[in-house]
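What you see below is based on every heavy atom in this structure, not just the backbone, and it leaves out hydrogens, waters and symmetry mates.
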Amino acid sequence: MEWTAMEINPEVGKTIMSKLGVSGHWRFVDILGLEGDQLTAVPKPSCALMLLFPLTQQHEEFRIQQANKVTGGSDVYFLKQVASNSCGTIALVHAIANNKAKMTFENSSVLKTFLDETAGMSPDERSKHLEGNKMNHCQHTSFFLMQPEGEQVNFHFIAFVNVNGQLYEFDGKMNGPVNHGATKDETFVTDAAKVCRSFMEREKDEVRFSAVALCQS
């Protein structure tokens, strides 16, 4: 199965959240930079951060080294990515599912239904359930990341969430979340940005990184 690629854009996030039946006062905002002063512009509270970056050989080699660092417990919701191009939706689900108590859902919310149905499943079982779930049709709004004509670049979404005072990185291509240590609501964006900067530092000549934060308006 191949899905439509999602663009990292606050308006796109707003549209898809609405289609998935997530209401309330949470919205995505652009993160204009990952340094101190640039991060202070991000509204608080912020409960999740999504990072978009190009998949490279360096990154794939780094992921192999991280294979033994995956962790998580019953309080962490993790979903594996199976379908091509679904990483944006997977990251969005990770952002919302691990902040479920903070969210408001409409009565007909397909995401709320999906989360309830998969609460007791394994990450692999959740992936299989997603393939046949009507939630996957809600993200087919056909938003594409713009890139130079003729250039084939494989971009990837991941999410960062504060779960019970721990900073977790959620990548559907992994076998589980990665714990980056203690965090708190006041420092979450700064702590997540530090991890994002490490992604950029591994790619010396690469500048195509983008990030958005899920904030309360």
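Pairs of residues two or more places apart, or lying in two chains, never qualify as salt bridge (Lys or Arg N to Asp or Glu O under 4.0 Å) while including a residue from residues 173-190. Sequence neighbours left out, not one pair with a member in residues 172-191 passes ring-ring contact (aromatic ring centres under 6.0 Å, His included). Under the ring-ring contact (aromatic ring centres under 6.0 Å, His included) criterion, no residue pair touches residues 15-35, with sequence neighbours excluded.
Cation-pi geometry between R197 and F199 is not met: the NZ or CZ atom fails to fall both under 6.0 Å from the ring centre and inside 45° of the normal. Figure legend: cation-pi geometry between R126 and F114 absent, as NZ or CZ is not positioned both under 6.0 Å from the six-membered ring centre and within 45° of its axis.
Across K19 and V110, no two heavy atoms sit closer than the pair O-CG2, 4.1 Å. When all heavy atoms of R27 and V29 are compared, the pair lying nearest together is NH1-CG1, 2.9 Å.
Grouped with F78 in one hydrophobic cluster are V76, V161, V163, Y168, F170, the linkage being side-chain heavy-atom contacts under 4.5 Å among Ile, Leu, Val, Met, Phe, Trp and Tyr residues. Apart from M174 itself, the hydrophobic cluster it occupies contains V70, V178, where clustering links Ile, Leu, Val, Met, Phe, Trp and Tyr at side-chain heavy-atom distances under 4.5 Å.
In this structure the side chain of V22 reaches within 4.5 angstrom of the side chain of I96, judged on heavy atoms. The shortest distance between side-chain heavy atoms of V93 and Y77 falls below 4.5 Å. Looking at heavy atoms from C-beta onward, L34 lies in side-chain contact with M200 at the 4.5 angstrom threshold. Residues V82 and S127 meet the side-chain proximity criterion, which asks for heavy atoms closer than 4.5 Å.
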Distance-only criterion, 3.5 Å: show the donor-acceptor pairs between side-chain atoms of residues 39-55 and protein atoms not counting sequence neighbours.
from : atom 1 : to   : atom 2 : distance (Å)
T40  : OG1    : D37  : O      : 2.6
S46  : OG     : L214 : O      : 3.4

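The OG atom of S109 sits 11.5 Å away from the CE atom of M103 when rounded to the nearest 0.5 Å. The CG atom of L111 lies 4.5 Å from the CG atom of L115; values are rounded to the nearest 0.5 Å. Expressed to the nearest 0.5 Å, how far CG of L92 lies from CG of L79 amounts to 11.5 Å. Separating the CD1 atom in I31 from the OG atom in S210 is a distance of 10.5 Å, to the nearest 0.5 Å. With values rounded to the nearest 0.5 angstrom, N162 atom CG is found 10.0 Å from N98 atom CG.
Residues satisfying the salt bridge (Lys or Arg N to Asp or Glu O under 4.0 Å) criterion with D116, sequence neighbours excluded, are K100, K112. With sequence neighbours excluded, the residues that form a side-chain hydrogen bond (donor to acceptor under 3.5 Å, both in side chains) with D171 are R63, H156. Legend: residues meeting side-chain hydrogen bond (donor to acceptor under 3.5 Å, both in side chains) with E117, ordered by chain and number and at least two apart, are H129. Residues satisfying the side-chain contact (heavy atoms from CB on, under 4.5 Å) criterion with E125, sequence neighbours excluded, are M121, S122. Residues passing the side-chain hydrogen bond (donor to acceptor under 3.5 Å, both in side chains) test with T187 are D191, sequence neighbours excluded. Scored by the side-chain hydrogen bond (donor to acceptor under 3.5 Å, both in side chains) test, D75 finds N164 as partners (sequence neighbours excluded).
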Next item on the list: Take I158 and I90, measure what side-chain contact (heavy atoms from CB on, under 4.5 Å) needs, and give me the verdict at the end.
Entry: CA-CA 8 Å; I158 60 175; I90 298 297; over 6 Å; no
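No donor-acceptor pair closer than 3.5 Å links the side chain of D30 to the backbone N or O of L32.
The 12-atom threshold is not exceeded at NZ of K194, counting heavy atoms of other residues, nucleotides or ligands nearer than 6.0 Å.
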